[in-house]
Chemist: 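Can you read through this structure? Questions will come right after.
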There are 2 protein chains.
Amino acid sequence: MNERQTIGQAATASGMPADNIRYYEKIGLVAKPSRTEGNYRTYGPNEVRRLGFIRRARELGFSIEQVREMLEMTPHHEQDCGRVDQLTHEHLLSIDRKIADLTALRHELEAMLTSCHGGTVRDCRILEAIAPSKSAVTPHRHAVGQAKI
Amino acid sequence: MNERQTIGQAATASGMPADNIRYYEKIGLVAKPSRTEGNYRTYGPNEVRRLGFIRRARELGFSIEQVREMLEMTPHHEQDCGRVDQLTHEHLLSIDRKIADLTALRHELEAMLTSCHGGTVRDCRILEAIAPSKSAVTPHRHAVGQAKI
DNA sequence: TATAAACCCTGGAGTTACTCCAGGGTCAAG
DNA sequence: CTTGACCCTGGAGTAACTCCAGGGTTTATA
């Protein structure tokens with residue numbers, strides 16, 4: 001009749017592995033829950049809902065820090081929700097950027113694939129497309145970021 | 001008249017920071033280069049081209065391990081290049097998956113954004129959309145992977 | 001009641017691919 | 001001969017987990 005759940009049950013209910021819950025506790029994203037006599041964590045319905053919120057926000061691609069900000073906001077009912085809107089907007093933009101990058105990449109890879117008609121490594125069109133030509137090298141400034149894809 | 005370059009020059013020529021070159025050396029992706037008397041690394045044109053290849057392949061989103069495999073293949077001119085094709089194909093598929101995931105996400109976020117017309121946190125449509133409803137919780141098996149986006 | 005299976009605990013290491021730093025040495029120009 | 005730009009090493013830090021060993025606890029079964 002006790003509605004408090006063990007970490008495994010909370011994991012099942014919220015849709016994430018128990019390890020994640022402990023991790024979120026460690027980084028202070030969720031509060032330390034109460035414990036049983038046997039030192040087991042126990043979670044009430046509110047805590048489980050909070051975990052579900054986190055899982056869903058992460059699934060939507062929000063970073064832990066963004067989730068943290070949203071969680072800190074939710075108890076302040078009267079506060080303006082413009083910040084949530086802004087976070088979502090920023091997130092949407094970054095997704096658009098990723099989609100654009102990946103689409104460009106997709107085209108390059110597809111072109112490389114269609115140009116390859118088998119054969120040996122010596123005349124592989126794909127390796128050729130990746131390799132820098134013997135003369136030209138792209139100039140650049142230091143500290144150019146690598147593609148994070 | 002010596003065409004060997006310092007790590008900084010090789011970095012500029014290949015388009016990546018010097019730190020990356022040292023890192024690639026550390027993980028064995030590139031061989032240890034020769035050194036000057038003052039213990040500076042020096043790179044010849046072939047090594048610089050190899051670095052350029054790496055940078056380009058990384059830019060195309062191949063993982064280090066995939067790059068490693070391609071690099072190990074290039075000296076074997078007579079070998080069939082089907083493996084390169086396969087790697088590229090797999091990579092293309094994973095990109096397609098990512099694009100699909102991100103596009104789905106995009107739609108969700110956009111829907112959330114258009115449903116939000118300002119107001120307080122209490123009736124924020126976005127937070128509402130993320131929060132799990134009081135009753136329904138998605139069942140799941142343990143060890144469900146999180147979205148990596 | 002005994003014991004095995006299933007669950008939970010902690011702390012720490014490993015993952016990817018870098019990025020940045022401190023605390024030094026080396027080299028070229030003025 | 002000093003200043004500044006470059007280079008060296010080793011190690012820590014990043015994001016967000018994921019997995020493990022070596023324990024303790026609880027529950028179901030024999």
Side-chain angles (χ1 to χ4, degrees), chain A residues 2 4-30 32-43 51 54-69 71 91 94 98 141-149, chain B residues 2 4-30 32-43 51 54-69 71 91 94 98 141-149:
Chain A
N2 190 351
R4 294 195 74 80
Q5 299 178 284
T6 67
I7 198 170
Q9 292 164 336
T12 300
S14 65
M16 62 171 79
D19 268 349
N20 281 22
I21 301 179
R22 291 195 201 92
Y23 171 69
Y24 292 149
E25 182 184 328
K26 189 161 70 181
I27 65 172
L29 190 63
V30 298
K32 298 187 180 194
S34 56
R35 303 277 185 136
T36 65
E37 285 191 4
N39 201 30
Y40 282 19
R41 291 170 178 82
T42 60
Y43 299 88
L51 290 170
I54 294 171
R55 198 223 56 189
R56 173 88 177 121
R58 292 285 306 126
E59 202 172 84
L60 288 167
F62 288 98
S63 71
I64 294 277
E65 287 317 307
Q66 287 173 321
V67 176
R68 194 191 295 273
E69 207 177 327
L71 282 173
H91 185 40
S94 96
K98 275 180 198 157
R141 275 177 294 288
H142 260 216
V144 157
Q146 291 310 104
K148 280 161 192 160
I149 298 152
Chain B
N2 190 351
R4 293 194 75 79
Q5 299 178 282
T6 66
I7 199 169
Q9 292 163 338
T12 301
S14 65
M16 62 172 78
D19 268 350
N20 281 21
I21 300 179
R22 291 197 201 92
Y23 171 69
Y24 291 149
E25 182 184 327
K26 190 162 68 181
I27 64 171
L29 190 63
V30 298
K32 297 186 181 195
S34 57
R35 302 277 185 138
T36 65
E37 287 191 2
N39 201 30
Y40 283 20
R41 290 169 178 83
T42 60
Y43 299 88
L51 291 171
I54 295 171
R55 198 224 54 191
R56 173 88 176 120
R58 291 287 306 128
E59 202 171 86
L60 287 168
F62 288 99
S63 72
I64 294 277
E65 288 316 306
Q66 288 173 322
V67 176
R68 194 191 296 272
E69 206 175 329
L71 282 172
H91 184 40
S94 95
K98 274 179 197 158
R141 274 176 296 286
H142 262 216
V144 159
Q146 294 308 106
K148 280 161 193 161
I149 297 151

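Just so we're on the same page: letters track the sequence lines, and every chain starts at 1.
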Chemist: With a 3.5 Å distance limit and no angle check, can you tell me whether R55(B) reaches the backbone of E59(B) through a side-chain donor-acceptor pair?
Modeler: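 Such a contact is absent between R55(B) side chain and E59(B) backbone.
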Chemist: Determine the minimum heavy-atom distance between R58(B) and V67(B), stating which atoms define it.
Modeler: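 R58(B) and V67(B) have their closest heavy atoms at CD-CG2, 4.3 Å.
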Chemist: What is the distance, rounded to the nearest whole Å, between atom CD of Q9(B) and atom P of dA5(D)?
Modeler: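 Computing the Q9(B):CD to dA5(D):P distance gives 16 Å.
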Chemist: Expressed in angstrom and rounded to an integer, what is the separation of E25(A) atom CD from dC9(C) atom P?
Modeler: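 Those two atoms, CD and P, are 9 Å apart.
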Chemist: Is R22(B) salt-bridged to E25(B), cutoff N-O under 4.0 Å?
Modeler: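 Salt bridge flag = no for E25(B) with R22(B).
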Chemist: State whether Y24(A) places a side-chain N or O below 4.0 Å from either non-bridging phosphate oxygen (OP1 or OP2) of dA16(D).
Modeler: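 Result: no.
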Chemist: Can you measure I7(A) atom CD1 to dT10(C) atom P for me and round it to whole angstrom units?
Modeler: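 Between P of dT10(C) and CD1 of I7(A): 8 Å.
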Chemist: Answer yes or no: is there a side-chain heavy-atom contact under 4.5 Å between Y24(B) and I54(B)?
Modeler: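 When only atoms from C-beta onward are counted, I54(B) and Y24(B) do touch, with a gap below 4.5 Å.
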Chemist: If only side-chain N and O atoms of R22(A) are considered, is one of them under 4.0 Å from the OP1 or OP2 phosphate oxygen of dC9(C)?
Modeler: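 Looking at the OP1 and OP2 atoms of dC9(C), one of them is under 4.0 Å from a side-chain N or O of R22(A).
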Chemist: Send over the distance from Q66(B) CD to dT16(C) C1', rounded to a whole Å.
Modeler: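 Rounding to the nearest Å, CD of Q66(B) and C1' of dT16(C) are 13 Å apart.
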Chemist: Which nucleotides of nucleotides 10-15 of chain D have their base under 4.0 Å from a protein heavy atom (B), which only their sugar-phosphate (S), and which neither (-), written as one string 5' to 3'?
Modeler: ------
Chemist: Please enumerate all protein N or O atoms sitting under 3.5 Å from an N or O of nucleotides 24-26 of chain D, with distances to 0.1 Å.
Modeler:
from	atom 1	to	atom 2	distance (Å)
dG24(D)	N2	Y40(A)	OH	2.7
dT25(D)	O4'	Y40(A)	OH	3.4
dT25(D)	O2	Y40(A)	OH	3.4

Chemist: Any donor-acceptor pair under 3.5 Å linking the side chain of R4(A) with the backbone of T42(A)?
Modeler: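 Yes, R4(A) side chain to T42(A) backbone: donor-acceptor pair under 3.5 Å.
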Chemist: Between R41(A) and dC7(C), is there a side-chain N or O to OP1/OP2 distance below 4.0 Å?
Modeler: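 So the side-chain polar atoms of R41(A) never come under 4.0 Å of the phosphate oxygens OP1 or OP2 of dC7(C).
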Chemist: Can any side-chain N or O of H91(B) pair as donor or acceptor with the backbone N or O of L60(B) at less than 3.5 Å?
Modeler: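 Indeed, once roles are kept as given, a pair shorter than 3.5 Å links the two residues.
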Chemist: For residues R41(B) and T6(B), determine if any side-chain heavy atom of one lies less than 4.5 Å from a side-chain heavy atom of the other.
Modeler: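 Counting from C-beta outward, R41(B) and T6(B) never come under 4.5 Å.
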Chemist: Given atom CE of M16(A) and atom C1' of dT18(D), what is their separation to the nearest angstrom?
Modeler: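 For the pair M16(A) CE and dT18(D) C1', the rounded distance is 15 Å.
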Chemist: State, yes or no, whether a side-chain contact exists between Q9(B) and Y43(B) at a heavy-atom distance under 4.5 Å.
Modeler: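 Not in contact.
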Chemist: Give a yes or no on whether the backbone of Q66(A) and the side-chain of E69(A) come within a donor-acceptor separation of less than 3.5 Å.
Modeler: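 Flag not set: sc E69(A) to bb Q66(A) has no pair under 3.5 Å.
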Chemist: Respond yes when some side-chain nitrogen or oxygen of T6(A) is under 4.0 Å from OP1 or OP2 of dC8(C), and no when none is.
Modeler: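 Looking at the OP1 and OP2 atoms of dC8(C), one of them is under 4.0 Å from a side-chain N or O of T6(A).
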Chemist: Rounded to whole angstrom units, what separation is found between the CD1 atom of I21(B) and the C1' atom of dA17(C)?
Modeler: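 Nearest whole value for this atom pair: 15 Å.
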Chemist: In whole angstrom, what separates R55(B)'s CZ from dA17(C)'s C1'?
Modeler: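 Whole-Å distance recorded here is 16 Å.
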Chemist: Taking OP1 and OP2 of dA16(D), is either one under 4.0 Å from a side-chain nitrogen or oxygen of N20(A)?
Modeler: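 Checking N20(A) against dA16(D): no side-chain N or O falls below 4.0 Å of OP1 or OP2.
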